[in-house]
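Okay, so here's the structure we're looking at.
Whatever order the structure lists ligands and atoms in, that order sets their numbers, starting from 1.
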Amino acid sequence: MKEDSLPASRFQRNKRCIIWSTVISLCALALILGLAIGLTRKSQSSPSENDALQNFPEQFILSGNNFTITSQPTTRYYEFNITQRNGSPDGFERTMLVVNNQFPGPLIECNIGDRIVVKVNNQLPDGQGTSIHWHGMFQTNTTWMDGTVGVTQCPIPPGESFTYNYTITEQRGTYWWHSHAKGQYTDGIVGPLIVHDPNEGFMNDYDEDIVVMISDWYHELSPISLAQYANADNTEGAEPVPENGLINGLNLFDCNGSTNSSIPCTGGTQANFTFVPGKRYRIRLINTGAFAEFDFSIDGHKLTVVEADGVAMKPVAIDRVPIQVAQRYSLIVEANQTVGNYWMRAIINQNCLAYTNDALNPVVLAAVHYEGANGTIPNSPDPGYSDPVDCVDLDPSDLKPVDGMDAPPYDVSYYIEASFQAIREDRIRYGYMNTTSWSPLQNTSTLQQANAGVTTFDTNTQFVLTPPDNATVVQLIIQNFDDGSHPFHLHGHTFWLLGTGAGYYASNTNLNTTNPVRRDTGTVPAFGYAIIRFIPHPGMWLFHCHLVWHHLMGLAMQIQYQPSVIRSFDVPQDWKNLCPS
Ligand SMILES: [Cu+2]
């Protein structure tokens, strides 16, 4: 899609007029109806402390609201107002950071080829800069729109705005967006990003399309949890353990387990889904959490995996899916069981947690209600699952991309050691990629510097790997010296995952180059290794463990590709202005 072809044609403008007048008429009708039946929902654009935090389950049912799946590109405009407020997704009230007064945040639903324009208004209190990262988006020729504080931009200061503007080419499937400033997404700045494509290949294999976001949930703001973790007394490096888990932003909580009786606690509600007997559902499963790995299942139903991280996979039917932080799967589920009510289970794998939190019920449930069933509360028996011993991905050998591509030979290969070490004077354990522990640059970003012609970076905090300009395929061997596994995410790319294993990578380690899984987030096992290959494109790309606590302690590095092209990028002035000169 060329940029100059994007301005709307008269036909499109007329069409847009018709759409807008339809939208306006529908809005007016909805308003009248809303008033008539006494709906109390407030305007989404003017949140105040007194409004209840909004959860809109209807936004998780895709292709509603007259959305049309088409290959005709358009521009979609959004406005995100980011505020700090109280909320109680599971009935336990805490301070949250949210977009448009809703949690989970607004759905971005679009078609391949669409231009996405999001004006982000930072209405957070002083000192809290923010950004939005579009997880999994390639950002081809728009690396500055990747939304990563300290890497591709400076934070949007409180009271100010920044408009993201990028085009989604050659990508379809299931993505998400989240703040990439400190640990803010853990506090509520998250939402789904779905890209439709009429040529995705399996649109005829399902009738309904729904989003299921699962996440762990902490009852403290992320800076408080981080302070517990980043502490010299925490010699074992025990990561904070969540108090709960959520499905589409909801769950119950046992208020008796709450230690502070002065904090309002109502016990919450569970998410619920309605199945029409005989219909087939595409579930877009997204782990938007901070730390916990989940195993997802629906009692009595097979799950057929057809997509991982935006890449269509040959169908494989399984009973439960392990999903690491930041990963996504599309699962096709047929409502082919006896009409009744069934539990959807997202179970936190406690073998991946550093300690037991008595407040945590690791079995996170939602109700799947068949239309016509008696009652709504599931009574399906507990399948008696136990937690997998290892905190690893769904077996990569189960995932075969439909669009088969063998991993090409690499032009350059790098060996990277990931570790946690308490070697500084403060005795705090930091994450290292080789000898560098990442922390974001202040008042600038590596991309800003690279665009201005800077070629060397502060190696204390920035490990910037610059492959040769003519390297078309880059290989990374990541050797993990930590007792925890790490779901690594490469910004702006999907990579081939050629192999993972326990122990040390060796030159005779068996690599699978025959149509291996391609994804954007893959797990390096505890005391193990992973080998990935990717085709780099110009820009500055963060490569980091997506477990928030590990990332914040420095387990991150950057790939800089073709610095001369980065220097030639005509970056927008408002982007430059984010960094104080
Ligand atoms: Cu990690």
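Angle subtended at the Cu ion (ligand 1) by H486 ND1 and C545 SG: 130°, rounded to 10 degrees.
Both tests do not hold together for R533 against F495: distance to the six-membered ring centre under 6.0 Å, angle to the ring axis within 45°.
Comment: D233 does not engage R427 in a salt bridge, judged by the lack of any side-chain N to carboxylate O separation of less than 4.0 angstrom.
The aromatic rings of H546 and W176 are tilted relative to each other, their planes meeting at an angle between 30° and 60°.
Residue side and main chain included, H546 places no N/O/S atom under 2.8 Å of the Cu ion (ligand 1). Look at H551 and the Cu ion (ligand 1): no N/O/S atom of the residue is under 2.8 Å from the metal.
Partner of Q327 under the side chain to side chain donor-acceptor pair (under 3.5 Å) criterion, chosen from T521, D393, D309: D393.
In H550, the N, O or S atom that comes nearest to the Cu ion (ligand 1) is ND1.
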